[in-house]
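Single-structure report; data block below.
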There are 2 protein chains.
Amino acid sequence: MQDPLKLDNFICFAVYTASHALNRVYKPLLDALGLTYPQYLAMVSLWEQDGQTVGGLGEKLFLESSTLTPLLKRLETAGYVRRERSKDDERVVVLRLTEEGKHLREKAIGIPGCIVAASGRSAVDLTRLQSEIVALREALNRSVA
Amino acid sequence: MQDPLKLDNFICFAVYTASHALNRVYKPLLDALGLTYPQYLAMVSLWEQDGQTVGGLGEKLFLESSTLTPLLKRLETAGYVRRERSKDDERVVVLRLTEEGKHLREKAIGIPGCIVAASGRSAVDLTRLQSEIVALREALNRSVA
DNA sequence: CGATAAATAATCGTGCGCGATATAAAAACA
DNA sequence: TGTTTTTATATCGCGCACGATTATTTATCG
């Protein structure tokens, strides 16, 4: 790095702005489902595996309960999710999709394709880039752990 | 994409979580300077070019005035930046670094190196990845424009 | 010139995202 | 058993981030 304090040389700035750019592409698609982007991620995770706990979902999404609890309450108000205390362990809150929540998946099925199209890349190329970014994330997470 | 609705296959999720991971690495480094991460980006941009307008800075950082105005007020309160209306065009607000704000650059100079170290990659490799992510950002921005 | 349109910040409301703390339940321990 | 510690979630305060709107100034147009 020639000039260490130049914005355009920052990997962080690239990731930060790419994240915002992705959000802007998702916005109109998710508006149609009545979801925000983090809510969509929670729903995707629950479509993969219903009945997760708040903590389990947080581990998958790398989010704290202080972020998830209000978000999940909004999904509950929207009628997509039910939050119920586990009988076995009253500390745990189990998340269950409502019928409407399960149904929403059909409407969401086309979204990933729209993102691939907006990226202007092949799915194969995106997958390669994606795994590189995941590797970066893992290295960063290791360094703080 | 075999399963289009699988979280681990989402480029967006990779970027989203990598962005959070970067933030977590930056946090302790920036705490020492009394800056948040977006404030740091604004300072980096002003260190590169003092006397930018709110709109100009927003264009560089891809942020709206509704985000920047409060952020810049906090930087002003912290004593790093002055906000003054332009004499030529009263609509425009010009941003100028205070002496303290200029000074802060010395304390920030070591941060990029810490990030490279935390990433566990070579600077060359990071630069390549960074330019790929920028290309993705540009493609996405084009698709919404 | 005056009316209209465009440009620039600022304000407001909503939803993250996190650290610090609180609360309650379960587990561990003496 | 009763006490302490740990675990799981929730609450609170702060700072983004954005869309929609507003206020003010400048530019444009007839």
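FYI, side chains are in, hydrogens and waters are out, and symmetry mates aren't considered; it's all heavy atoms of this structure. Residue numbering restarts at 1 for every chain, and letters A, B, ... go by the order of the sequence lines.
The CG atom of N23(B) sits 11.0 Å away from atom CG of L140(A), with the distance rounded to the nearest 0.5 Å.
Nearest-nucleotide positions on DNA chain D for T53(A) and H20(A) put T53(A) closer to the 5' end.
Side-chain proximity of K27(B) to dA10(C), dG19(C), dA10(D): nearest is dG19(C). The side chain of V93(B) has dA9(C) as its nearest neighbour among dC18(C), dA9(C), dT9(D). Residue Q39(A) has its side chain nearest to dG15(C) when only dG15(C), dT24(D), dG17(C) are considered.
In terms of modelled atom types and a separation under 3.5 Å, the side chain of Q52(A) and the main chain of S45(A) share a donor-acceptor contact. Between the T98(A) side chain and the G79(A) main chain, a donor and an acceptor come within less than 3.5 Å of each other. Side chain of E90(A) to backbone of K87(A): no donor-acceptor contact under 3.5 angstrom is found.
Side-chain nitrogen and oxygen atoms of Y16(A) include at least one within less than 4.0 Å of the OP1 or OP2 phosphate oxygen of dA17(D). When the side-chain nitrogen and oxygen atoms of Y37(B) are compared with OP1 and OP2 of dG15(D), none of them lie within a distance under 4.0 Å. The phosphate of dA10(D) (OP1 or OP2) has no side-chain N or O of S65(A) nearer than 4.0 angstrom.
The CE atom of M43(B) sits 13 Å away from the P atom of dC16(D) (whole-angstrom rounding). Atoms CG (L61(A)) and P (dG15(C)) sit 19 Å apart, rounded to a whole Å. Atoms CG (N23(B)) and C1' (dA17(D)) sit 13 Å apart, rounded to a whole Å. The nearest whole Å value for the distance from the CG atom in L63(B) to the C1' atom in dG15(D) is 13 Å. Rounded to an integer number of Å, the gap from L71(A) CG to dC18(C) P is 12 Å. As a whole-Å value, the separation of L41(A) CG from dC16(C) C1' is 12 Å. The CD-P distance, from E64(B) to dT22(D), rounds to 18 Å in whole Å. Here dG15(D) presents its C1' atom at 18 Å from OH of Y26(B), a figure rounded to the nearest Å.
Near DNA chain D, meaning a heavy atom under 4.0 Å away, the residues from residues 72-90 of chain A are K73(A), R83(A), R85(A).
The heavy-atom pair separating A18(B) from I133(A) by the smallest distance is CB-CG2, 3.7 Å.
Here E138(A) does not pair with R142(A) in a salt bridge; the nearest charged N to carboxylate O distance is not below 4.0 Å. A salt bridge links E132(B) with R128(A): the closest approach of a Lys/Arg side-chain nitrogen to an acidic carboxylate oxygen falls below 4.0 angstrom. Ion pairing of E76(B) with K73(B) is absent here, as no side-chain N (NZ or NE/NH1/NH2) approaches a carboxylate O to less than 4.0 Å.
Residue R91(A) places a side-chain atom within donor-acceptor reach of the base of dT7(D), judged by atom type and a 3.5 Å distance cut-off alone.
L68(A) comes within 4.0 angstrom of no nucleic acid atom, judged by non-hydrogen atoms across all strands. Within the nucleic acid shown, S66(A) comes within 4.0 Å of at least one base atom, counting heavy atoms only. Residue T67(B) is classed as a base contact, given a heavy-atom separation below 4.0 Å to a base.
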